[in-house]
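Take a look at the structure set out below.
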Amino acid sequence: MSETIAAISTAPGEGGIGIVRISGPASLGIMKKLMSGCPEEVEPRHAYWGRVVEDSNNSEAEIIDEAVFLYMQGPASYTGEDMLEIQGHGSNVSLKAILRAVLGSGEDDVRMAEPGEFTKLAFLNGKMDLSQAEAVIDIIQARSDMSLGIAESQREGRLSRTVKDIRSELLDLLAEMAVDIDYPEADLYDDTAETEKIVSSHINRLRWISSEVEDLLDTASIGRIAREGVRAVIVGKPNAGKSSLMNALLGEGRVIVTDVPGTTRDTVEETASIGGIPIVLVDTAGLRDTDDKVEKIGIERTVQAIASSDIVILVFDGSKELDEEDDRVLKYMENFSSDNFIAVINKEDLGTTVTEQMVSTRLPEASVIKTSLVGRGAAEAAKNIRDKINTILELSSVDVREMTIVNNERHVKMLRSAERNLDEAIDMLQSGEPMEVAELSVHYAYNALGKIIGEEVGEEVLDTVFSRFCLGK
Ligand code: GDP
C-alpha cells in the first residue's frame, strides 16, 4: 500500500495535548521534513522532542508548535504500517497547522484519513479481527463501566476465541461429512445400522454446537442492557410519587415534582448510571381514563413503554386507601407476568393504609417495597430499588470481563443465522435427506460465524462498521 493517511486523533476543542497521527510509508519522511533538527537515524518507538516546522531544511521556516515525535516502524504499530505521531499542544489551530504541514510535506500520496481508517487498516493488515475492531469503537463510546468491560474483553479477543472454537468444531464436522459424501460407496453405507449411527452422531454434534451458539445469543440481552441501559418504567396514578422516585434514583432533582395530579403528561426519559449499569427511567402519565388529547398520547406511550421495558416500577400512595385509579393500574398490570415488577408502597411517613399483601394478591410475582420517597428515606429507598433491579435481572452475578457477552447487533444477526442453519441441518438429517444438503447448511452456519470475525465480509459491511468511527481512530 503506497498511500499515507493523516488525521487529528484527539477530540476537537482545547486540550493539554493534541495528536496528529500518520500511517503509511511516508511517515518517516514526514518526520524528517517537519521536525527541526531531526536526527539522521530515527529510532522507532523513541520519543523525540522538537519544533514543528513546514520544512526543516529551511532555517527561516516559521515554528508551528513544539511537539513530541513518535515514529513506529511497521508491522509493530497500531495499523501494522509505519506510523508517526506528532504530539503537540491541544489547540485546534496548531493541530490544523501541523496537519496542513503533513499534507503539504511533498511526500508522495499523503491524504486525509477517513473516519475509522486507522482501525480499518489494522483489520486489513491482520492486527485485529473485525469483532476486535468493532470493540475499539465500543470502548470509545462506552457510557458505563459495564459496557466498557464488555468492549474491553471483546477487544482482547474473548468473543473471537469463542467464535473460532465453535467454527473449528464445525470444520471438523464438515470434514467428516465430506468423507461421507465423497465415499458413499464405502462399506459403511451398505450397512444401514452403521449409517444411522453416523447420522445420529452428526445430529448430536450439531445439537451441541447449536446450543453453544444459543448460549452466546442468550448473553445478547445483557449486551443490550450494557449498551442501551435497563429500561425501567415507572407507573402509578398522579401524585403517587413517581417523579420523586425518579429523582431519588437519579440522585438529583431533574424531574419537576408538583402537587397537581396529571402534570407529568408525557413520558420523560432520563438515563442514569447506577452501579455501573445505565438505567433509562420513563416517567409516565399513568393509565387514567381521559378525554384530554395530550394526556391520551401520554397514556399510549405508557402502554408502549411498559411493553418494551425490562423492569416496571409501580408506585402507590400507601397513606390512602387504594382507589379506582390504583385499581385501573393494577387491573392493567395483571395482564402481564409480574416477575419483573417492583411495587413501591410510598409515603410510609404519612401512614400505612396500603399493605404489602394488598399488592401481592394482585401481582403475586412482584417485589414489594414499603418506603418513603421524600427526605432522608429517599436515598435508602433508591438503594433498595437498585438492589431489586439487579436481583431481578440477575445483573449482580454478571462478571462482564469473565464472560463472553455479545453486545453488537451485527454479531447477533450472524449468530441467529448460524443457529437457524444448524437447526435446519439437524432437521434435514433427521428426516433422512441426503448428507450433501445438510452439509450445505452447516457450511452456511460456518460462514455466518466467520463474518463476526471479519472473514468473507464484503466492502459494504466494512464501510458500515467503520463509518461508526470518529476521525483519527
Ligand atoms: P407523581 O405525580 O407520581 O410524579 O408524584 P410526585 O413525585 O410529583 O409527588 C407528588 C407529591 O407527593 C409531591 O408533593 C411530593 O413531594 C409528595 N411525596 C412524594 N413522596 C412522598 C413521601 O414519601 N412522603 C410524603 N410525605 N410526600 C411525598
Side-chain angles (χ1 to χ4, degrees), residues 230-272 274 279-306 309 311-333 341-356 358-359 362-363 366-389:
V230 171
R231 278 196 86 82
V233 178
I234 307 176
V235 189
K237 72 178 174 192
N239 246 10
K242 300 183 297 296
S243 309
S244 308
L245 172 74
M246 193 140 147
N247 288 340
L249 280 177
L250 291 173
E252 56 184 275
R254 243 178 288 184
V255 180
I256 309 153
V257 181
T258 61
D259 282 329
V260 190
T263 44
T264 319
R265 290 179 150 190
D266 215 342
T267 57
V268 178
E269 293 210 2
E270 292 269 344
T271 304
I274 296 176
I279 298 198
V280 180
L281 298 166
V282 186
D283 187 20
T284 66
L287 294 161
R288 322 198 293 152
D289 271 342
T290 178
D291 290 328
D292 183 305
K293 266 193 196 156
V294 180
E295 217 164 307
K296 261 200 168 140
I297 295 172
I299 289 163
E300 236 162 65
R301 291 201 189 155
T302 308
V303 173
Q304 281 166 12
I306 291 169
S309 66
I311 292 278
V312 180
I313 306 177
L314 297 131
V315 188
F316 299 98
D317 180 346
S319 67
K320 295 183 189 141
E321 296 283 341
L322 290 176
D323 62 14
E324 223 177 285
E325 282 198 87
D326 292 309
D327 193 55
R328 192 171 306 119
V329 171
L330 283 165
K331 244 195 201 121
Y332 181 76
M333 299 313 293
F341 290 2
I342 300 173
V344 177
I345 303 175
N346 187 31
K347 308 199 186 182
E348 200 181 11
D349 56 309
L350 297 181
T352 54
T353 311
V354 180
T355 66
E356 274 119 323
M358 287 176 190
V359 176
R362 308 279 300 264
L363 305 169
S367 309
V368 186
I369 297 174
K370 228 171 173 180
T371 192
S372 180
L373 286 168
V374 291
R376 264 183 291 155
E380 201 191 314
K383 188 186 172 301
N384 273 339
I385 293 165
R386 277 177 226 154
D387 289 348
K388 283 265 188 297
I389 293 176

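Start at 1 and go down the list; that is how both ligands and their atoms are numbered.
- Separating the CD1 atom in Ile311 from the CZ atom in Phe341 is a distance of 10.0 Å, to the nearest 0.5 Å.
- Ligand-side atoms of ligand 1 in range of Gly241: 1 (P), 3 (O), 5 (O), 6 (P), 7 (O), 9 (O), range being under 4.0 angstrom from any heavy atom.
- Taking any N or O of Leu373, backbone or side chain, at least one lies under 3.5 Å from an N or O belonging to ligand 1.
- Atom 19 (C) of ligand 1 has its nearest heavy-atom neighbour, among Pro238, Ser244, Ser243, in Ser244.
- Those atoms of ligand 1 with a heavy atom of Asp349 less than 4.0 angstrom away are 22 (C), 23 (O), 24 (N), 25 (C), 26 (N).
- Nearest heavy-atom pair, Ile313 versus Ala232, reported as atom, atom and distance to 0.1 Å: CD1-CB, 4.5 Å.
- Here Asn239 has heavy atoms under 4.0 Å from ligand 1 in both its backbone and its side chain.
- Remark: the backbone N or O of Ile234 is not paired with any side-chain donor or acceptor of Lys242 at under 3.5 angstrom.
- Salt bridge absent: Lys237 and Asp327 never bring a charged side-chain N and a carboxylate O closer than 4.0 Å.
- Under a 4.0 Å criterion applied to the non-hydrogen atoms of Ser372, ligand 1 contributes the atoms 22 (C), 23 (O), 24 (N).
- At a heavy-atom distance under 4.0 Å, only backbone atoms of Lys237 (N, CA, C or O) approach ligand 1.
- Each of Asn384, Leu314, Ile385, Val359 was scored for a side-chain contact (heavy atoms from CB on, under 4.5 Å) with Val344, with one residue passing: Ile385.
- Here the side chain of Thr353 pairs a donor or acceptor atom with the backbone of Ser319 at under 3.5 angstrom.
- In this structure a side-chain-to-backbone donor-acceptor pair under 3.5 Å is present from Asn346 to Leu373.
- With distances taken over non-hydrogen atoms, the option nearest atom 17 (C) of ligand 1 out of Lys242, Met246, Lys347, Glu348 is Lys347.
- Counting heavy atoms under 4.0 Å from ligand 1, residue Leu350 touches it through the side chain alone.
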